[in-house]
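Here the structure comes first, spelled out in structure tokens, and everything after it is commentary.
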Amino acid sequence: MSFLRNIRELIRYRELVFMWSARSVKVRYKQTLLGILWAIFRPFATMVVFTVIFSKFFQVPSEGIPYPIFSYSALVPWMFFATSITTGVPSLVYNIGIVTKIYFPREVIPLSSIGAAFVDFVIAFIILIGMMIFYNVAITLWIFLLPVLIVIQVMLAVGISLFASAANVFYRDVRFIFEVGMQLWMYLSPVIYSVEAVPQKFIWLYMANPMAPIIDSYRRILIAGQPPQWKFLIMAASISLVIFLGGYSYFKKMEEKFADII
Amino acid sequence: MPAIVFNNISKKYEIGLRLGSIRDNIPMMLRKLIGRNPKREYIWALKDVSFDVDRGGALGIIGPNGAGKTTILKLLSRITKPTSGTIKTEGRVSALIELGAGFHPDLTGRENIYLNGAILGLKKREIDERFDKIVAFSELEKFIDTPVKYYSSGMHVRLGFSVAAHINPDILLIDEVLAVGDMSFKRKSLKKMTELRNNDTTVVFVSHDLRSIEIMCKEALFIANGRIISKGDVRDVVTAYQMYDMERINVMREKSDTSDIPDEVFITDIHFLDINGNERDTLYSGEKTTVRIDYYAPKRIEKPIFAMKVERADGLICFLVRTRHSGIVMEDLEGEGHIDAEFENFNLNAGSYNMQVFVNDSKDILLYGSRNKSFRIINKDVDFGINSGIYFPGINWRQFRK
């Protein structure tokens with residue numbers, strides 16, 4: 001089966017994915033004063049802005065959780081997702097030079113964008129742990145579900161990035177669609193507000209966005225000490241799996257035309 | 001067992017294909033919707049090309065620009081897929097198709113070696129083992145921690161070649177890139193490629209430098225317009241290419257020459273005659289040879305001057321002789337006739353050459369631009385080693401013992 005063969009070849013090139021991710025991180029923060037601290041500063045500054053605007057001015061309810069940690073615990077996974085996509089989608093076109101001159105499995109390039117975003121995620125997560133201690137958040141065993149959430153989210157990001165980065169080779173509009181789309185997508189996910197704010201009759205529709213149950217689950221297992229809403233999380237996992245498989249097979253189908261078109 | 005089988009490959013590219021944004025494609029999509037397919041234009045970069053290379057063999061690919069040489073390398077390295085036909089390659093393929101492929105300008109030489117090694121399929125440990133050798137070969141010890149954006153193009157080539165050659169590939173594909181490096185590095189690279197070939201690496205080498213091809217490869221392939229013109233023994237193929245190249249230049253020259261020169265005399269043909277008076281296109285070094293120049297002068301030309309120039313395939317002028325310099329005053333020309341120039345010993349070395357004949361009037365004003373004739377010279381009875389240089393001296397060797 002060609003899917004298994006592709007996966008096997010990708011595994012052979014796993015070191016390239018690590019190295020390329022490291023390269024992306026290095027290049028991104030080279031010649032900046034703060035360097036890797038930007039990985040913390042970006043979500044942290046956004047959290048401060050959100051806290052001032054939504055908590056102080058608009059008084060968005062946050063389920064009794066202090067608003068800074070309420071929003072930061074959602075911003076960290078959200079920014080991981082958004083950065084994965086906004087850097088993954090144009091990545092193939094950015095690397096034209098290499099694609100037309102040397103062979104390796106092309107999915108390495110968008111995957112490495114996600115790898116680099118993951119490094120930022122881990123760093124920003126350290127601050128989240130600091131805040132959890134600061135706000136005296138009670139840690140429960142549900143925290144062990146964290147890897148599961150990460151896997152679901154990465155599957156979704158990989159599927160979208162593979163599909164959209166390949167499409168972006170043929171139509172450069174795709175990248176802009178996603179840049180705008182990610183803004184909207186954030187408002188459609190429970191980042192600045194709580195899922196409780198969503199009217200019950202729309203809840204299934206709302207939760208059909210896989211990022212909604214994913215973000216909600218992060219907040220539940222890390223901050224609220226509650227289990228995720230299983231039915232929604234399972235739905236998100238299934239949708240993510242379908243998107244992953246679809247995106248990957250589309251990518252592999254288009255891959256052979258990349259060098260001729262770019 | 002061949003390491004490369006390139007079987008009946010054709011590769012087609014669509015030209016004028018508008019890609020880039022959805023807006024650009026809307027007209028095409030609309031036409032598709034109403035059932036009128038837009039006219040598509042294709043070019044065949046390669047057409048029915050087949051060859052194979054044995055394990056440890058070396059194939060040189062030559063041909064004019066745009067012939068499809070790089071396309072062959074791109075197909076072999078899997079960068080692009082053939083439109084039809086099948087390709088089999090055995091083992092790890094390492095290709096140096098363009099300068100600094102896979103180098104990131106912001107990363108240092110050291111970081112790029114690791115990244116490039118990984119792109120070529122090496123594990124980190126395997127790169128560690130080879131790192132020192134790569135750096136030593138590239139002679140970039142001092143600059144290895146400098147970002148490659150500060151490298152000169154020569155330094156790029158040195159690093160790129162060094163990485164590609166040291167990953168112990170089963171198949172090494174090298175494009176024109178070496179031309180950028182300096183002479184000493186080029187020589188070193190050729191030596192390294194020979195060494196790899198002797199260690200069972202299969203080499204495919206594209207170059208305009210025919211000397212390098214002759215040194216590196218036993219076999220060669222000459223393609224033009226995506227088709228194989230000649231393949232086989234490197235010397236035959238190189239000669240075929242040189243003849244083709246000269247013909248092409250002659251056609252261009254004749255077109256341009258005849259346009260602005262008055263047609264007072266025509267040189268209708270040039271023949272090479274051997275010692276027995278038989279016409280030949282291939283001559284032997286050092287043999288007696290007669291060059292017969294046929295002319296036609298519609299009007300009377302008084303005391304013309306003939307000039308004869310011979311160039312080697314690479315453009316080197318071997319000699320330019322004029323009848324006046326030899327102290328000869330030619331008789332007037334009128335009507336048809338021929339001039340014989342007799343060479344007691346035709347002392348040119350083996351190779352491909354082009355002869356050009358001009359006719360001037362007695363005041364040395366050019367009357368007839370030129371007539372070109374390509375010819376080939378081989379060394380008689382020599383089947384080991386090639387002589388170099390242009391001159392083939394007739395020497396009597398004698399040996400003495402004390």
Side-chain angles (χ1 to χ4, degrees), chain A residues 9-32 90-91 93-106 108-109 111-112 115-116 164 166-177 252-262, chain B residues 11-14 17-26 45 70-71 73-83 89 92-108 111-127 147 160 163-164 173 175 177:
Chain A
E9 192 183 25
L10 183 60
I11 289 171
R12 219 154 46 77
Y13 276 86
R14 64 186 179 279
E15 296 218 16
L16 181 58
V17 179
F18 300 144
M19 230 178 256
W20 204 308
S21 306
R23 165 186 123 159
S24 306
V25 174
K26 253 186 224 163
V27 171
R28 181 140 32 111
Y29 296 119
K30 225 164 207 183
Q31 294 186 7
T32 61
S91 61
V93 173
Y94 281 154
N95 287 288
I96 291 170
I98 293 174
V99 169
T100 53
K101 282 169 205 148
I102 203 158
Y103 176 78
F104 52 90
R106 304 318 189 184
V108 163
I109 296 175
L111 286 182
S112 300
N168 190 50
V169 171
F170 301 94
Y171 303 110
R172 305 284 159 92
D173 307 73
V174 172
R175 179 189 145 195
F176 298 109
I177 293 171
K252 280 312 221 189
K253 212 181 85 197
M254 303 317 274
E255 181 186 52
E256 49 191 72
K257 297 186 189 154
F258 290 165
D260 297 350
I261 276 168
I262 288 180
Chain B
K11 173 74 185 176
K12 150 177 103 165
Y13 286 101
E14 193 168 347
L17 179 65
R18 291 290 307 255
L19 280 162
S21 76
I22 292 172
R23 200 196 61 195
D24 295 337
N25 283 272
I26 287 174
T70 301
T71 305
L73 294 193
K74 286 191 170 178
L75 287 162
L76 284 174
S77 60
R78 295 174 62 193
I79 292 170
T80 181
K81 293 252 162 79
T83 308
T89 54
R92 176 150 61 205
V93 180
S94 161
L96 192 58
I97 295 199
E98 262 167 87
L99 266 183
F103 286 159
H104 194 292
D106 284 325
L107 298 180
T108 65
E111 291 163 335
N112 268 306
I113 288 177
Y114 278 92
L115 186 65
N116 228 276
I119 290 176
L120 295 169
L122 288 190
K123 306 257 171 294
K124 184 168 178 304
R125 182 181 43 81
E126 294 172 299
I127 306 169
V163 176
L173 312 173
D175 203 353
V177 290

- Item | Residue, of Asp106(B), Val93(B), Leu73(B), that accumulates the most heavy atom pairs under 4.5 Å with chain A |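 Result: the option with the highest number of such pairs is Asp106(B).
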Minimal non-hydrogen separation, [X] against [Y], with atom names:
| X | Y | answer |
| --- | --- | --- |
| Met19(A) | Tyr114(B) | SD-O, 3.1 Å |
| Ile119(B) | Trp20(A) | CD1-CZ3, 3.9 Å |
| Ile102(A) | Ile79(B) | N-CD1, 3.2 Å |
| Arg23(A) | Leu107(B) | CG-CD1, 3.3 Å |
| Arg12(A) | Lys123(B) | O-NZ, 3.5 Å |

- Query: So, are Asp260(A) and Lys74(B) salt-bridged, with charged N and O less than 4.0 Å apart?
  - Reply: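 Here Asp260(A) does not pair with Lys74(B) in a salt bridge, since their nearest N and O are not under 4.0 Å apart.
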Distance check, rounded to the nearest 0.5 Å: [X] atom [atom1] versus [Y] atom [atom2]?
| X | Y | atom1 | atom2 | answer |
| --- | --- | --- | --- | --- |
| Lys26(A) | His104(B) | NZ | NE2 | 11.5 Å |
| Phe104(A) | Arg78(B) | CZ | CZ | 12.0 Å |
| Leu120(B) | Tyr103(A) | CG | OH | 13.0 Å |

